[in-house]
Amino acid sequence: EVVTMPVQQLKEFLDEAGVEYMCLSHPPAYTAQELAHHVKIAGDRVVKTVIIELDGKMAMLVMPATWRIRWDRLSRILDTDFIDLADEQEFKDRFPDCEVGAMPPFGNLFGMTVYCA
């Protein structure tokens, strides 16, 4: 099964920003670590996206695939008492051309605040 992403929108965004990039094809991957393996790139050089609920609003975390979220540290860094993993059913419609789990790390293109590590 082919995972669809808003490829043209992403290419235009990167081109307008003058960013160098390379498009790679790969078999289906269900984790960022698996993706890294398929494209033969170290896991800490591939990012994963995690959608969180932050003070009642959806936000995106972008971090190396090898990292895990330390909720206590993240809460302190973002200066909030309410932070949780978002429910897939609550955010899947924000990414209409993407399968859940295949969201690009550009939440700003989807009206979402992005935090990068």
Side-chain angles (χ1 to χ4, degrees):
E1 180 175 316
V2 175
V3 175
T4 60
M5 289 179 62
V7 175
Q8 191 58 40
Q9 184 182 11
L10 292 174
K11 285 182 176 184
E12 289 171 7
F13 178 75
L14 294 172
D15 289 343
E16 287 173 13
V19 174
E20 275 190 49
Y21 60 90
M22 181 183 348
C23 293
L24 301 173
S25 296
H26 59 83
Y30 300 98
T31 67
Q33 288 279 49
E34 194 176 335
L35 171 67
H37 174 76
H38 285 314
V39 296
K40 298 181 179 13
I41 296 174
D44 61 353
R45 307 244 330 141
V46 173
V47 296
K48 63 181 171 185
T49 59
V50 179
I51 308 301
I52 59 170
E53 190 171 339
L54 177 64
D55 293 326
K57 295 182 181 175
M58 295 288 168
M60 177 181 281
L61 299 178
V62 179
M63 67 183 84
T66 55
W67 287 19
R68 298 194 185 270
I69 298 172
R70 292 286 306 268
W71 295 102
D72 56 331
R73 289 183 184 173
L74 186 59
S75 179
R76 188 172 59 250
I77 290 168
L78 298 178
D79 192 31
T80 183
D81 291 328
F82 182 77
I83 187 168
D84 202 1
L85 192 60
D87 184 278
E88 290 178 348
Q89 295 303 315
E90 294 177 17
F91 67 78
K92 67 178 185 170
D93 293 338
R94 304 251 337 231
F95 302 91
D97 296 326
C98 305
E99 288 191 20
V100 173
M103 297 88 59
F106 299 97
N108 53 307
L109 297 178
F110 301 91
M112 189 175 284
T113 301
V114 180
Y115 298 94
C116 298

Is the NE2 atom of H38 crowded by more than 12 outside heavy atoms at less than 6.0 Å? yes
May I ask whether M22 and L14 are part of the same hydrophobic cluster, defined by side-chain heavy atoms of I, L, V, M, F, W, Y residues being less than 4.5 angstrom apart, directly or through others? no
Between OG1 of T31 and NE2 of H37, what distance do you get to the nearest 0.5 Å? 10.5 Å
Indicate the atoms forming the closest heavy-atom contact of D15 with Y21, along with that distance. OD1-OH, 2.9 Å
Considering only heavy atoms from C-beta outward, does the side chain of Q9 approach that of L109 to under 4.5 Å? yes
Looking at CD of E88 and CE of M103, how far apart are the two atoms once the value is rounded to the nearest 0.5 Å? 7.5 Å
For atom CG of D79, is the number of surrounding heavy atoms from other residues, nucleotides or ligands below 6.0 Å larger than 12? no
Tell me, with the steps shown, if E53 and E90 meet side-chain contact (heavy atoms from CB on, under 4.5 Å). CA-CA 10 Å; E53 190 171 339; E90 294 177 17; 3.8 Å; yes
Starting from the C-alpha separation in whole Å, work towards a yes-or-no answer on side-chain contact (heavy atoms from CB on, under 4.5 Å) for L61 and T49. CA-CA 6 Å; L61 299 178; T49 59; over 6 Å; no
Is there side-chain contact between I52 and W71, with heavy atoms separated by less than 4.5 Å? yes
Nearest heavy-atom contact between M60 and G107 is SD-N, 3.5 Å
Correct closest heavy-atom pair for G43 and T66 would be C-CG2, 3.6 Å
Minimal heavy-atom distance between P104 and C98, with the atoms involved, is CD-SG, 3.6 Å
Not counting sequence neighbours, which residues clear side-chain hydrogen bond (donor to acceptor under 3.5 Å, both in side chains) with T80? List them please. D55
Any link between I77 and V62 through a network of hydrophobic side chains (Ile, Leu, Val, Met, Phe, Trp, Tyr) touching at under 4.5 Å? no
Report yes if the side chains of T113 and N108 come closer than 4.5 Å at any heavy-atom pair, otherwise no. no
Within one Ile-Leu-Val-Met-Phe-Trp-Tyr cluster: W67 and I83, side-chain cutoff 4.5 Å: yes
Hits for side-chain hydrogen bond (donor to acceptor under 3.5 Å, both in side chains) against E12, two or more places apart or cross-chain, chain-then-number order -> Q8
Contact between L54 and F82 at the side-chain level, heavy atoms closer than 4.5 Å - yes or no? no
So, do L35 and H26 sit near enough that their side-chain heavy atoms are less than 4.5 Å apart? yes
Kindly work out whether a path of hydrophobic side-chain contacts (I/L/V/M/F/W/Y, heavy atoms less than 4.5 Å apart) joins F91 to V114. yes
Kindly compute the distance separating CG (D81) from CG (L78), expressed to the nearest 0.5 Å. 11.5 Å
Do V47 and L24 sit in the same hydrophobic cluster, where Ile, Leu, Val, Met, Phe, Trp and Tyr count as joined when their side-chain heavy atoms come under 4.5 Å apart? no
Do I51 and M112 make a side-chain contact, defined as non-hydrogen atoms from C-beta onward lying under 4.5 Å apart? yes
Validation row: K48, Q33 side chains within 4.5 angstrom (heavy atoms): no
F95: partners by ring-ring contact (aromatic ring centres under 6.0 Å, His included), with sequence neighbours left out: F110
Which heavy atom in P28 sits nearest to a heavy atom in E34, and how many Å separate them? O-OE2, 3.7 Å
Non-hydrogen side-chain atoms of F106 and L10 separated by less than 4.5 Å: yes
